[in-house]
Number of protein chains: 2
Amino acid sequence: MEDQEIRNAGLKVTAPRVKILELLENSQQRHVSAEDVYRMLLAADQDIGLATVYRVLTQFEEAGLVEKHHFEDGHSVFELDKGKHHDHIVCVTCGRVKEFVDETIEERQQKIADELGFQISEHDLVIYGKCLDDECDRKG
Amino acid sequence: MEDQEIRNAGLKVTAPRVKILELLENSQQRHVSAEDVYRMLLAADQDIGLATVYRVLTQFEEAGLVEKHHFEDGHSVFELDKGKHHDHIVCVTCGRVKEFVDETIEERQQKIADELGFQISEHDLVIYGKCLDDECDRKG
DNA sequence: CCAATAGATGAGAAGCTTTTGCATTCAATC
DNA sequence: GATTGAATGCAAAAGCTTCTCATCTATTGG
Ligand SMILES: [Mn+2]
Ligand SMILES: [Mn+2]
Ligand SMILES: [Zn+2]
Ligand SMILES: [Zn+2]
């Protein structure tokens with residue numbers, strides 16, 4: 001179960017950590033903010049402080065269990081690290097997020113970095129737009 | 001001069017607006033934060049509040065005079081809108097920023113959006129890395 | 001030019017997300 | 001079960017940005 005992942009990360013197995021990891025694994029939406037996690041915990045009657053949520057997510061990130069992204073709406077979102085790099089397209093109306101991988105884009109970025117004299121450490125590509133989902137306009 | 005650009009934007013021609021626009025046009029670095037602008041104004045003995053800097057930059061953005069970007073270090077950066085879209089590559093050590101345009105990447109993004117059912121409104125692509133500039137390690 | 005007025009400004013307070021300090025609690029180890 | 005360094009919750013603080021409001025000013029048109 002989750003215990004071992006937490007232990008492997010060099011962290012003590014505590015209720016907050018287990019709950020948060022479970023939550024990330026079972027959540028409907030892959031991409032959640034610290035506040036989202038906090039509210040989900042409250043809804044599940046877990047008495048865990050927001051500071052702890054931030055601390056745990058940061059530790060999970062350092063341990064490679066989760067990834068953190070900055071979408072344009074002010075706060076960061078976290079997702080389980082599934083090992084394979086991908087980028088995101090976000091609906092500006094309903095907030096839906098889809099993931100994609102495009103090898104051509106990846107190659108081009110490498111080429112650009114080479115030409116401009118940079119050694120890439122990472123990159124962030126987020127496309128913003130309006131999705132065509134039926135329920136898009138009905139959601140907040 | 002700048003007066004007309006400001007007037008065309010539907011804004012009154014005031015000292016803060018003229019100074020800020022001049023500053024953006026003459027600055028060494030194209031990409032500056034609100035705080036950068038504020039400090040430059042102080043250095044030029046202009047008594048302009050930080051709130052005004054934010055307000056003016058936001059108004060300039062709405063008027064299409066400047067563009068705003070979010071790099072990963074917390075604060076936003078502004079640059080004069082030169083009309084042609086471009087993306088950025090940022091040095092994580094010295095902060096240098098270079099711009100690039102890659103038509104292939106642009107096309108691929110459009111293709112991805114089509115496939116996933118999104119109508120693109122904008123996108124943000126930032127590559128982070130270490131630049132090979134001689135002075136890179138010597139700068140803050 | 002001056003008066004009237006809608007708009008702009010500066011200073012500080014407030015807002016929001018994220019981090020930190022600290023006393024208390026707890027998991028790991030023996 | 002006792003020991004101890006790590007983890008937690010809470011409240012305070014930080015960092016960036018926006019807002020409030022009393023004061024000031026650019027614009028206009030007389
Ligand atoms: Mn993702
Ligand atoms: Mn630029
Ligand atoms: Zn949508
Ligand atoms: Zn550099």
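Numbers restart at 1 for each chain; the letters A, B, ... are given by sequence-line order, proteins then strands.
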Pairs under 3.5 Å (N/O, protein and nucleotides 2-4 of chain C):
none

If you restrict it to nitrogen or oxygen atoms, what contacts under 3.5 Å exist between nucleotides 26-30 of chain D and the protein, and what is each distance?
| unit_1 | atom_1 | unit_2 | atom_2 | d |
| --- | --- | --- | --- | --- |
| dA26(D) | N3 | K12(B) | NZ | 3.4 |
| dT27(D) | OP1 | R7(B) | NH1 | 3.1 |
| dT27(D) | OP1 | V13(B) | N | 3.2 |

Protein-nucleotides 19-24 of chain C N/O pairs under 3.5 Å:
| unit_1 | atom_1 | unit_2 | atom_2 | d |
| --- | --- | --- | --- | --- |
| dG21(C) | O6 | R55(A) | NH1 | 3.2 |

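At least one donor-acceptor pair under 3.5 Å links the side chain of T58(A) to the backbone N or O of Y54(A). Between the side chain of R17(A) and the backbone N or O of K12(A), at least one donor-acceptor pair lies under 3.5 Å. Judged purely by atom type and a 3.5 angstrom limit, S121(A) uses its side chain to pair as donor or acceptor with the backbone of Y128(B).
Checked against the 6.0 Å centroid criterion, the rings of H85(B) and H123(B) qualify as a close aromatic pair. If you look at H31(A) and F78(A), their ring centroids are not closer than 6.0 Å.
Atom CZ of F71(A) is separated from atom P of dT18(C) by 13 Å (rounded to the nearest Å). As rounded to whole Å, 11 Å separates atom P of dA28(C) from atom CD of Q4(A). One atom, OH of Y38(B), and another, C1' of dC16(D), lie 14 Å apart when rounded to the nearest Å. Rounded to whole Å, atom P of dC10(D) lies 11 Å from atom CD1 of I48(A). In this structure, the CD atom of Q46(B) is 13 Å from the P atom of dA11(C), given to the nearest Å. One can place CD of E35(B) at 11 Å from P of dG15(D), the figure rounded to the nearest angstrom. If you take CG of D36(B) and C1' of dG15(D), they are 15 Å apart, rounded to a whole angstrom. As a whole-Å value, the separation of K19(B) NZ from dG10(C) P is 13 Å.
Not counting sequence neighbours, the partners of D133(B) by the side chain to side chain donor-acceptor pair (under 3.5 Å) test are R96(B). Shown here are the side chain to side chain donor-acceptor pair (under 3.5 Å) partners of R30(A), two or more places apart in sequence or in another chain: E79(A), E99(A).
Between G10(A) and H75(B), the residue anchored nearer the 5' end of DNA chain D, judged by the nucleotide with its closest heavy atom, is G10(A). Of the residues near DNA chain D, H70(B) and Q59(A), the one whose nearest nucleotide (by heavy atom distance) lies more toward the 5' end is Q59(A).
Counting heavy atoms from C-beta outward, D87(B) and D124(B) have side chains that stay 4.5 Å or more apart. V56(B) places none of its side-chain heavy atoms less than 4.5 Å from the side chain of T14(B).
Looking at K111(B) and E115(B), a side-chain N of the basic residue comes within less than 4.0 Å of a carboxylate O on the acidic one, giving a salt bridge.
One end of the helix from dC1(C)-dG30(D) to dC30(C)-dG1(D) points its axis 30° away from the other end's axis, with each axis taken from 5 pairs and the angle rounded to 10°.
Using the six-membered ring where Trp is involved, H88(B) and H86(B) have ring planes that are perpendicular, over 60° apart on the 30 and 60° scheme.
Under the 4.5 Å side-chain heavy-atom criterion for grouping Ile, Leu, Val, Met, Phe, Trp and Tyr, L24(A) is connected to Y38(A) within one hydrophobic cluster. A continuous path of hydrophobic side-chain contacts links I6(A) to V53(A) [ILVMFWY only; heavy atoms under 4.5 Å].
Residue contacts for S76(B): at a heavy-atom cut-off of 4.0 Å it reaches the sugar-phosphate backbone alone, with no base atom in range.
With 3.5 Å as the limit, one finds no donor-acceptor pair spanning the side chains of E22(A) and N26(A).
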